[in-house]
*Asks:* 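Got a structure here, written out as structure tokens. Questions coming.
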Amino acid sequence: MLRTRRSVAPIALDGPGPSADELDGWLAIASRVPDHGKLAPWRFLVIEGEARHRLGETIANTHAADFPEADAKRLELERQRLAHAPLVVAVVSRAGPHVKIPEWEQVLSAGAVCMNFVVAANAAGYATAWLTEWFAYDRRVLDALGLEPSERIAGFIHVGRAREVPSDRPRPELAQIVTRL
């Protein structure tokens with residue numbers, strides 16, 4: 001299953017979502033990543049239920065403030081950004097300066113958390129999409145999510161059931177990406 005794992009666009013994800021026990025298991029798996037210095041330079045935001053729609057309003061309003069010419073169709077697209085899948089988990093990177101642990105390693109640790117979560121959900125039979133999108137970089141949206149000024153979004157992971165098996169995209173041949181020394 002993991003050899004053929006594919007991302008599924010959030011708009012193609014339906015419910016039901018995972019149980020609370022499944023989600024807790026995936027969060028535990030996600031947190032089992034290399035973490036030099038035991039800093040846990042990441043944390044999770046679980047976005048489900050009404051929170052998906054409430055945050056969607058924030059995203060749509062933020063977009064409208066920047067693009068007052070945006071039509072109703074575009075604003076509805078922005079409003080639904082987090083509402084398609086039954087569950088969205090935001091992984092927040094807390095990477096920062098440290099006397100021993102380079103910030104780069106902390107950022108990589110947050111990326112590993114995202115991938116562990118994706119692998120755990122896919123191994124359980126769910127489909128996922130790991131995205132950031134424009135609002136992951138907008139301070140107004142980050143404030144609404146409760147992020148500290150030094151925190152960043154490593155990814156929004158949308159989880160649900162794929163309506164159909166997506167086609168694969170071309171993948172690089174190993175000979176193109178592997179150098180044996």
*Asks:* So, do Phe44 and Val92 sit near enough that their side-chain heavy atoms are less than 4.5 Å apart?
*Replies:* no
*Asks:* Shortest non-hydrogen contact from Ala129 to Pro10?
*Replies:*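 Nearest pair, atom of Ala129 first, then Pro10: CB-CD, 3.9 Å.
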*Asks:* Hey, does Asp66 have a side-chain heavy atom less than 4.5 Å from the side chain of Asp138?
*Replies:* yes
*Asks:* If two hydrophobic side chains count as joined below 4.5 Å and joins carry through other members, does Phe117 share a cluster with Val46?
*Replies:*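 Result: yes, single cluster for both.
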*Asks:* Distance check, rounded to the nearest 0.5 Å: His63 atom NE2 versus Thr58 atom OG1?
*Replies:*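 Between atom NE2 of His63 and atom OG1 of Thr58 there are 14.5 Å.
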*Asks:* Establish, yes or no, whether the cationic atom of Arg81 lies under 6.0 Å from the six-membered ring centre of Phe135 and within 45° of the ring axis.
*Replies:*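 No - Arg81 does not lie over the ring of Phe135 by the 6.0 Å and 45° rule.
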*Asks:* So how far is it from Arg54 CZ to Arg79 CZ, rounded to the nearest 0.5 Å?
*Replies:* 15.0 Å
*Asks:* Could you check whether any side-chain N or O of Gln106 sits under 3.5 Å from a backbone N or O of Ile101, counting only pairs where one atom can act as donor and the other as acceptor?
*Replies:* yes
*Asks:* Passes salt bridge (charged side-chain N to carboxylate O under 4.0 Å, His left out), Asp168 versus Arg5? Steps please.
*Replies:* CA-CA 9 Å; Asp168 203 2; Arg5 188 207 66 80; over 6 Å; no
*Asks:* Is there side-chain contact between Val89 and Leu23, with at least one heavy-atom pair below 4.5 Å?
*Replies:* yes
*Asks:* With a cut-off of 3.5 Å and sequence neighbours excluded, list every side-chain donor-acceptor pair involving residues 141-155.
*Replies:*
unit_1: Asp143; atom_1: OD1; unit_2: Arg139; atom_2: NE; d: 2.9
unit_1: Asp143; atom_1: OD1; unit_2: Arg139; atom_2: NH2; d: 3.1
unit_1: Glu151; atom_1: OE1; unit_2: Arg43; atom_2: NH2; d: 2.9
unit_1: Glu151; atom_1: OE1; unit_2: Glu148; atom_2: N; d: 2.8
unit_1: Glu151; atom_1: OE2; unit_2: Arg43; atom_2: NE; d: 2.9

*Asks:* In terms of relative ring orientation, are Trp26 and Tyr126 parallel, tilted or perpendicular, with 30° and 60° separating the classes?
*Replies:*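 Judged by the thresholds at 30° and 60°, the geometry between Trp26 and Tyr126 is perpendicular.
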*Asks:* So does Pro102 get a backbone contact from the side chain of Glu105, meaning a donor-acceptor N/O pair under 3.5 Å?
*Replies:* no
*Asks:* For residues Val159 and Val8: do they belong to one hydrophobic cluster (side chain heavy atoms under 4.5 Å, members Ile, Leu, Val, Met, Phe, Trp, Tyr)?
*Replies:* no
*Asks:* Applying ring-ring contact (aromatic ring centres under 6.0 Å, His included), name anything that partners Tyr137, two or more places apart in sequence or on another chain.
*Replies:*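 ring-ring contact (aromatic ring centres under 6.0 Å, His included) check on Tyr137 returns nothing, list empty.
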*Asks:* Between Val91 and Leu45, is the side chain to side chain contact (heavy atoms under 4.5 Å, CB included) condition met? List the steps.
*Replies:* CA-CA 6 Å; Val91 177; Leu45 298 176; over 6 Å; no
*Asks:* When you measure from the side chain of Asp35 to the backbone of Ala40, do you find a donor-acceptor pair of N or O atoms at a distance under 3.5 Å?
*Replies:*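 Yes, Asp35 side chain to Ala40 backbone: donor-acceptor pair under 3.5 Å.
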*Asks:* Give me the atom names and distance for the closest heavy-atom approach of Ala83 to Arg52.
*Replies:*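 Closest approach of Ala83 to Arg52, heavy atoms only: O-NH1, 2.8 Å.
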*Asks:* Counting only pairs under 3.5 Å, give me each side-chain donor-acceptor contact of residues 108-116, with atom names and distances, residues two or more places apart or in other chains.
*Replies:*
unit_1: Ser109; atom_1: OG; unit_2: Pro34; atom_2: O; d: 2.8
unit_1: Ser109; atom_1: OG; unit_2: Trp42; atom_2: NE1; d: 2.9
unit_1: Asn116; atom_1: ND2; unit_2: Ile29; atom_2: O; d: 3.1
unit_1: Asn116; atom_1: ND2; unit_2: Arg32; atom_2: O; d: 3.3

*Asks:* Give a yes or no on whether Ile11 and Val88 share a hydrophobic cluster (residues Ile, Leu, Val, Met, Phe, Trp, Tyr; joining criterion: side-chain heavy atoms under 4.5 Å apart).
*Replies:*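 No, because Ile11 and Val88 fall into different hydrophobic clusters, even though each may have its own neighbours under 4.5 Å.
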*Asks:* What are the two closest heavy atoms between His98 and Lys100, and how far apart are they?
*Replies:* ND1-N, 2.9 Å
*Asks:* How far does OG1 of Thr179 sit from CG of Leu174, to the nearest 0.5 angstrom?
*Replies:* 11.5 Å
*Asks:* Should Asp14 and Arg161 be marked as a salt bridge (charged side-chain N to carboxylate O under 4.0 Å, His left out) after you check the CA-CA gap, both sets of side-chain angles, and the distance that decides it?
*Replies:* CA-CA 5 Å; Asp14 286 326; Arg161 304 283 184 173; over 6 Å; no
*Asks:* Is any side-chain heavy atom of His84 less than 4.5 Å from a side-chain heavy atom of His158?
*Replies:*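 His84 does not reach His158 side chain to side chain.
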*Asks:* I'd like to know whether CD of Glu50 has more than 12 heavy-atom contacts from other residues, nucleotides or ligands below 6.0 angstrom.
*Replies:*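 Yes.
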*Asks:* Indicate yes or no for a side-chain donor-acceptor contact from Glu76 to the backbone of Lys73 under 3.5 Å, with no hydrogens or angles considered.
*Replies:* no
*Asks:* Spell out, yes or no, whether Val118 and Leu87 are grouped together once hydrophobic residues are joined by side-chain heavy atoms under 4.5 Å, including indirect joins.
*Replies:*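 Linked within one cluster.
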*Asks:* Linking I/L/V/M/F/W/Y whenever any side-chain heavy atoms sit under 4.5 Å apart, do Trp130 and Val33 land together?
*Replies:* yes
*Asks:* Please report the shortest heavy-atom distance between Arg6 and Asn122, naming the atom on each side.
*Replies:*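 The answer is O-OD1, 4.3 Å.
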